[in-house]
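One structure is given here, and the rest of the page talks about it.
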Amino acid sequence: MTWALLELLPAVLELSLFGVASVGLSLLGAYIERFAVSTAQHGDLLLALWMAVMGAVALYFGYLVAVDKFLPTLTEFVESPPANE
């Protein structure tokens, strides 16, 4: 039984890494967007525009990690048949 759990460890680590990366990039993008709005309200429109673009890029990469990496890995992990011992 311990060997079966040990064989699942790489898949679980990969899944958790993609999940944390996706959530982290999404939170970072939301924080940067909030900072961009705050900067625009204080009058520095050029910096606010730059930060809005950077926030959108972080949100986009978070989305890409979730859709291209996390979901296929999760689907493969859930649909894989149990190993016969």
Side-chain angles (χ1 to χ4, degrees):
M1 177 154 181
T2 58
W3 287 108
L5 293 176
L6 193 58
E7 289 176 3
L8 287 177
L9 186 63
V12 170
L13 286 176
E14 182 182 17
L15 188 62
S16 63
L17 177 71
F18 289 143
V20 168
S22 176
V23 169
L25 283 169
S26 297
L27 289 175
L28 179 66
Y31 177 76
I32 293 172
E33 290 292 334
R34 183 175 170 225
F35 181 74
V37 170
S38 175
T39 304
Q41 289 174 344
H42 285 87
D44 194 358
L45 296 179
L46 188 60
L47 180 61
L49 180 64
W50 175 253
M51 295 305 291
V53 169
M54 291 298 108
V57 167
L59 286 171
Y60 180 68
F61 279 126
Y63 171 77
L64 282 181
V65 169
V67 172
D68 290 343
K69 300 291 184 182
F70 181 75
L71 287 178
T73 305
L74 179 64
T75 305
E76 178 183 326
F77 183 73
V78 170
E79 291 178 354
S80 65
N84 292 333
E85 294 182 28

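Keep in mind that this is a model prediction, so the values were computed, not measured. What you see below is based on every heavy atom in this structure, not just the backbone, and it leaves out hydrogens, waters and symmetry mates.
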Tabulate below the donor-acceptor pairs under 3.5 Å that side-chain atoms of residues 69-78 make, not counting sequence neighbours, or state none.
| from | atom 1 | to | atom 2 | distance (Å) |
| --- | --- | --- | --- | --- |
| T73 | OG1 | K69 | O | 2.6 |
| T75 | OG1 | L71 | O | 2.8 |

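- Pairing each heavy atom of A66 with each of S22, the nearest pair is CB-OG, 3.2 Å.
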Residues 8-17 side chain polar contacts: donor-acceptor under 3.5 Å, at least two apart:
| from | atom 1 | to | atom 2 | distance (Å) |
| --- | --- | --- | --- | --- |
| S16 | OG | V12 | O | 3.1 |
| S16 | OG | L13 | O | 2.9 |

Please set out all donor-acceptor pairs under 3.5 angstrom arising from side-chain atoms of residues 38-61, sequence neighbours excluded.
| from | atom 1 | to | atom 2 | distance (Å) |
| --- | --- | --- | --- | --- |
| T39 | OG1 | F35 | O | 2.8 |
| H42 | ND1 | S38 | O | 2.7 |

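- Residues L27 make up the rest of the hydrophobic cluster containing V23, defined by ILVMFWY side-chain heavy atoms closer than 4.5 Å, directly or through other members.
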